[in-house]
Number of protein chains: 2
Amino acid sequence: MPQDPPFPPVEGRSTRQKRAVWAALASVDGFVSAKTLHHRLEERGDDVALATVYRFLQSQLEAGTVDSLLNPDDGEALYRICAAQTHHHHLVCRECGIATEFKVPEIDRLARTVAVNEGFSETVLTFDVFGICPACQSPSNHVD
Amino acid sequence: MPQDPPFPPVEGRSTRQKRAVWAALASVDGFVSAKTLHHRLEERGDDVALATVYRFLQSQLEAGTVDSLLNPDDGEALYRICAAQTHHHHLVCRECGIATEFKVPEIDRLARTVAVNEGFSETVLTFDVFGICPACQSPSNHVD
DNA sequence: TCGTAAATGAGAATCAGTCGCTATACTAGT
DNA sequence: ACTAGTATAGCGACTGATTCTCATTTACGA
């Protein structure tokens, strides 16, 4: 048992479960669902309750160390580590979850302008792009 | 809630239930959830199964006569009548559901460009803005 | 080591959304 | 108009994701 977890993203007490979930999340390239994450943990032999996975993801979300978005197909929440605190959007493969972050300040500015003109406050933008990534387009490279 | 349903929206057979759901949808200004719509129907004395509401909304969605989006707070799907077939986005009040449509072609163009550059295909944009509308900001006018 | 607050596990509860079977509306034939 | 045939609609039961409850366990400062 290493003395210090690789990255201590953990707020509050440091537990085996939190470290395990973080490690599993860190080992994935793209966005994953809580369920998928839970499966990976089982495969690794890490016993963590599904509820704990959800709780951890929720707290990290609030802490800003993970990002989440809703799969537009089924409304399922997807998560991934996302250190970049600054505002950005995602280009996400709906097959494998691989994601690219991008910023288009103009977009945000334009949207804010629209909102302000209408007198809206506390605005939140949801802006993500879903598609099929190059790897998933070629069956040979297809990753589930 | 000005006028009657502008057109008979019902594709396929015209039934009491479809007409009722459409009328209920038409009587609402903003986006509503299937559940809310179902409540309204009950209040009116229209007995329609929740599943029927969902199915109707789904078919109208495909027909392009209603619009939907995911509430980022809880992932619930929201619907409203939306005749404008052309691509557009929404500025939605998260309190009362009131929504304004807007178009910013540049946004779509920029987003597509990002996707194409990364080699993504079959891209779908999700872009909506949530906030608190002027009416809901002043407690006196607050609509739940 | 001890005490205490925080975290976890297990499963029940909740809630949006879907499915499979039955009932009904529409059509063609008479 | 009446009836059978067929596709569609309707509805109750179900599913799957997420949250809640609470008894138990654990981390960690004193």
Side-chain angles (χ1 to χ4, degrees), chain A residues 1-5 8-25 31-42 44-63 65-66 68-80 94 97, chain B residues 8-25 31-42 44-63 65-80 94 97:
Chain A
M1 179 61 58
Q3 36 218 352
D4 285 327
V10 208
E11 50 174 19
R13 296 179 180 172
S14 171
T15 66
R16 172 185 68 77
Q17 290 89 337
K18 287 179 180 176
R19 288 189 296 268
V21 177
W22 180 264
L25 196 55
F31 279 88
V32 280
S33 66
K35 189 181 56 179
T36 303
L37 210 48
H38 187 239
H39 281 153
R40 303 236 176 193
L41 287 164
E42 284 185 336
R44 289 164 171 243
D46 283 317
D47 259 337
V48 181
L50 184 56
T52 300
V53 173
Y54 274 107
R55 268 190 297 240
F56 177 76
L57 290 171
Q58 196 55 45
S59 68
Q60 293 307 117
L61 204 53
E62 281 158 17
T65 53
V66 312
S68 82
L69 49 82
L70 293 172
N71 183 334
D73 294 331
D74 55 10
E76 188 182 37
L78 304 176
Y79 305 84
R80 82 160 189 176
R94 73 165 66 90
Chain B
V10 207
E11 51 173 18
R13 298 175 182 174
S14 172
T15 64
R16 174 184 67 77
Q17 289 88 339
K18 286 183 179 177
R19 288 189 297 269
V21 177
W22 181 265
L25 196 55
F31 279 89
V32 280
S33 66
K35 189 181 54 180
T36 302
L37 212 46
H38 187 240
H39 281 154
R40 305 236 176 194
L41 288 164
E42 284 186 337
R44 288 164 172 246
D46 284 318
D47 258 337
V48 181
L50 183 57
T52 300
V53 174
Y54 274 108
R55 210 184 347 219
F56 176 77
L57 290 172
Q58 196 55 46
S59 67
Q60 293 307 116
L61 204 53
E62 281 158 18
T65 54
V66 311
D67 239 6
S68 82
L69 50 81
L70 291 174
N71 182 334
D73 293 331
D74 53 13
E76 189 180 35
L78 304 175
Y79 305 84
R80 81 162 189 176
R94 73 165 69 91

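Just so you know, these numbers use all the heavy atoms, side chains as well, and skip hydrogens, waters and symmetry mates. Keep in mind that this is a model prediction, so the values were computed, not measured. The chains referred to below are lettered A, B, ... by the order of the sequence lines, with proteins before strands, and numbering in each begins at 1.
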From [atom1] of [X] over to [atom2] of [N], roughly how many Å is that when rounded to an integer?
| X | N | atom1 | atom2 | result |
| --- | --- | --- | --- | --- |
| L61(B) | dG17(C) | CG | C1' | 14 Å |
| D74(A) | dT18(D) | CG | C1' | 13 Å |
| E62(A) | dT19(D) | CD | C1' | 14 Å |
| Q58(B) | dA16(C) | CD | P | 16 Å |
| E76(B) | dT14(C) | CD | P | 17 Å |
| L57(B) | dG10(D) | CG | P | 12 Å |
| L41(A) | dG9(C) | CG | P | 10 Å |
| R16(A) | dT25(D) | CZ | P | 14 Å |

Considering only [options], which nucleotide approaches the side chain of [X] most closely?
| X | options | answer |
| --- | --- | --- |
| A51(B) | dG9(C), dC19(C), dT18(D) | dC19(C) |
| Q17(A) | dT8(C), dT18(D), dG17(C) | dT8(C) |
| Y54(A) | dT19(D), dC11(D), dA16(C) | dT19(D) |
| A77(A) | dG17(C), dC11(D), dT18(D) | dT18(D) |
| K18(B) | dG10(D), dG9(C), dG17(C) | dG10(D) |
| A49(A) | dG9(C), dC20(D), dC11(D) | dG9(C) |
| K35(B) | dC28(D), dC15(C), dC11(D) | dC15(C) |

Side chain to side chain contact (heavy atoms under 4.5 Å, CB included) evaluation trace for L25(B) with L57(B): CA-CA 10 Å; L25(B) 196 55; L57(B) 290 172; 4.1 Å; yes
Separation between OH of Y54(A) and CG of L61(A), rounded to the nearest 0.5 Å: 13.0 Å
Gap separating the CD atom of Q60(B) from the NZ atom of K18(B), nearest 0.5 angstrom: 7.5 Å
Sugar-phosphate only, base, or nothing, as touched by D47(A) at under 4.0 Å among non-hydrogen atoms: sugar-phosphate
Touch class at under 4.0 angstrom, heavy-atom based, for L50(A) against every strand present: base
Under-4.0 Å side-chain N/O to phosphate OP1/OP2 contact, T15(A) with dT8(C): yes
N/O (side chain, T52(A)) to phosphate O (OP1/OP2, dT8(C)) under 4.0 Å: no
Atom CG of D74(B): over 12 foreign heavy atoms under 6.0 Å: yes
Donor-acceptor under 3.5 Å (H38(A) side chain, V53(A) main chain): no
Flag, side chain of R16(A) to backbone of D47(A), donor-acceptor distance under 3.5 Å: yes
Side-chain-base donor-acceptor pair under 3.5 Å for R55(A) and dG9(C): yes
Under 3.5 Å donor-acceptor pair, R13(A) side-chain atoms to dA5(C) base atoms: yes
